[in-house]
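Read the structure below first, then the notes.
Keep in mind the model is a prediction, meaning the values are calculated, not measured.
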Amino acid sequence: MRRNINISQIIPVVMLVVLIIVGAILSESFLSIANFSNILQYAVESGFIGIGMAFVLFIGGIDLSVGSVMAFASVVSAKLAINHYPIIVIFISVLAIGIACGALNGFIITKLKVEPFMATLAMMMTMRACTYLFTGGGPITGSSVDESFKNLIKADVFGIPIGVIYVIAAFIIAYFVTTKTRFGRHVYAVGGGEETAKLFGVRVDRVKVLVYMISAVLAAISGMLITARIGIGEPRTGYDYEMTAITICVVGGISMTGGKGSMIGAFIGLMVVSIIKNLMNLMNFDVNGQPIVTGIIILVTTLIISNEIGNRRKKLLKDI
């Protein structure tokens, strides 16, 4: 039996291969170990929020608050690290921030029936304001940050940066959760149609709350890792990261209408976005103009995927 080709799954792989070839042609240093280390380091924080956004898009939602949650967790972890709190205390504090923000997002969306866009937009503005209030508008700096905290991201295992190990492990766990667990099946079911999911006994509101908690927790962890990497708590951290997360998912073939896509696609999308960012830096592309490229990528990829979905629907109607 002939199997239909899923264009949305092929596009990310093709883009990745083409980018590697183009990068090797345009820059002699592109294929160097040092450059690939830069690509992977950039992918660490983006990878965590990309995973969280993938969960949210699977249920047909959106989370615009990840960048602000990331920023607040970053400055809080910086404050604690500078005051020599143990890593476990910092980690628990960061988890608490993520859990609280995610649970509140989920509650507003499920119980107060506010659209995800507006609910997470409100959270984005609130957490950004909290970040500036917490820091007084300036960065939290100090020369006494413990090396053990910095080593959360700067250490390596057998020559592999530990941050890379974190994000790969996170993707593996996320892939397992979405493909091998009951919760993962329920996530896709909610994205495929809430009413149908309820008929099959899925507790839709519970799934939504848990998904927004996952997204916020991963954003908060990402903020902590950024602080460990740069050694300061910067209130401007996380600007546009929600757009980065959406780009990773869309480029990876994840539908924004819910119920479609995979964590493998999200990982490939992460690599594509990271390489594009790296190539623009290697070619000295104006930083202020880089979002234009990102916007074009989202538009073109969305158009291709939407066209494929439209063609499939026409074929189904024709067969009926």
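Using a 4.5 Å cut-off on side-chain heavy atoms (C-beta onward), Met256 and Ile246 make contact. The closest side-chain heavy-atom distance from Ser215 to Val66 is below 4.5 Å. Looking at Phe58 and Val211, their side chains never come closer than 4.5 Å, going by heavy atoms from C-beta outward. A 4.5 Å side-chain heavy-atom check between Leu225 and Val44 finds at least one atom pair inside the cut-off. Annotation: side chain of Ile248 is in contact with side chain of Ser46 (closest heavy-atom distance under 4.5 Å). Residues Tyr212 and Pro116 have side chains in contact (heavy-atom distance under 4.5 Å, counting atoms from C-beta outward). With a 4.5 Å cut-off on side-chain heavy atoms, Pro12 and Leu16 do not count as touching. Under the 4.5 Å side-chain criterion, counting only non-hydrogen atoms from C-beta, Met127 is in contact with Cys101.
Taking CD1 of Ile49 as the start and CG of Leu218 as the end, the distance is 10.0 Å to the nearest 0.5 Å. The CE atom of Met263 sits 12.0 Å away from the CG atom of Leu270 when rounded to the nearest 0.5 Å. Atom CZ of Arg229 sits about 13.0 Å away from atom CE of Met224, to the nearest 0.5 Å. A distance of 4.5 Å separates CD1 of Ile20 from CD1 of Ile275, quoted to the nearest 0.5 Å. Atom OG1 of Thr237 is separated from atom CD1 of Ile232 by 7.5 Å, given to the nearest 0.5 angstrom. How far CD1 of Ile90 is from CG of Leu152: 7.5 Å, rounded to the nearest 0.5 Å.
A cation-pi arrangement is found for Arg128 relative to Tyr239, the charged atom lying closer than 6.0 Å to the ring centre and inside a 45° cone about the ring normal.
Closest non-hydrogen pair, Ala216 versus Gly98, comes out as CB-O, 3.1 Å. Closest of all the heavy-atom pairs between Leu80 and Ser93 is CD1-OG, 3.5 Å.
The number of heavy-atom neighbours closer than 6.0 Å to CD1 of Ile33, taken from other residues, nucleotides and ligands shown, is 12 or below. Counting non-hydrogen atoms of other residues, nucleotides and ligands closer than 6.0 Å to CZ of Phe134 gives a total above 12. In the displayed structure, Tyr85 atom OH is contacted under 6.0 Å by at most 12 heavy atoms of other residues, nucleotides or ligands.
Each of Ile59, Val56, Asn105 was evaluated against Lys208; a single residue qualifies, Ile59, per the side chain to side chain contact (heavy atoms under 4.5 Å, CB included) test.
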Please test Phe36 against Phe30 for ring pair (Phe, Tyr, Trp, His ring centres under 6.0 Å), starting from the C-alpha separation and ending with a verdict. CA-CA 7 Å; Phe36 265 93; Phe30 177 76; 5.7 Å; yes
Stepwise, does the side-chain contact (heavy atoms from CB on, under 4.5 Å) test hold for Val207 with Glu194? CA-CA 11 Å; Val207 170; Glu194 292 185 21; over 6 Å; no
Is there a side-chain contact (heavy atoms from CB on, under 4.5 Å) between Leu282 and Ser29? Walk through the geometry before answering. CA-CA 9 Å; Leu282 288 176; Ser29 62; 3.9 Å; yes
Thr227 vs Ser74, test: side chain to side chain donor-acceptor pair (under 3.5 Å). Steps then yes/no. CA-CA 6 Å; Thr227 296; Ser74 174; 2.6 Å; yes
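In this structure, Tyr166 has its ring center at least 6.0 angstrom away from the ring center of Phe48.
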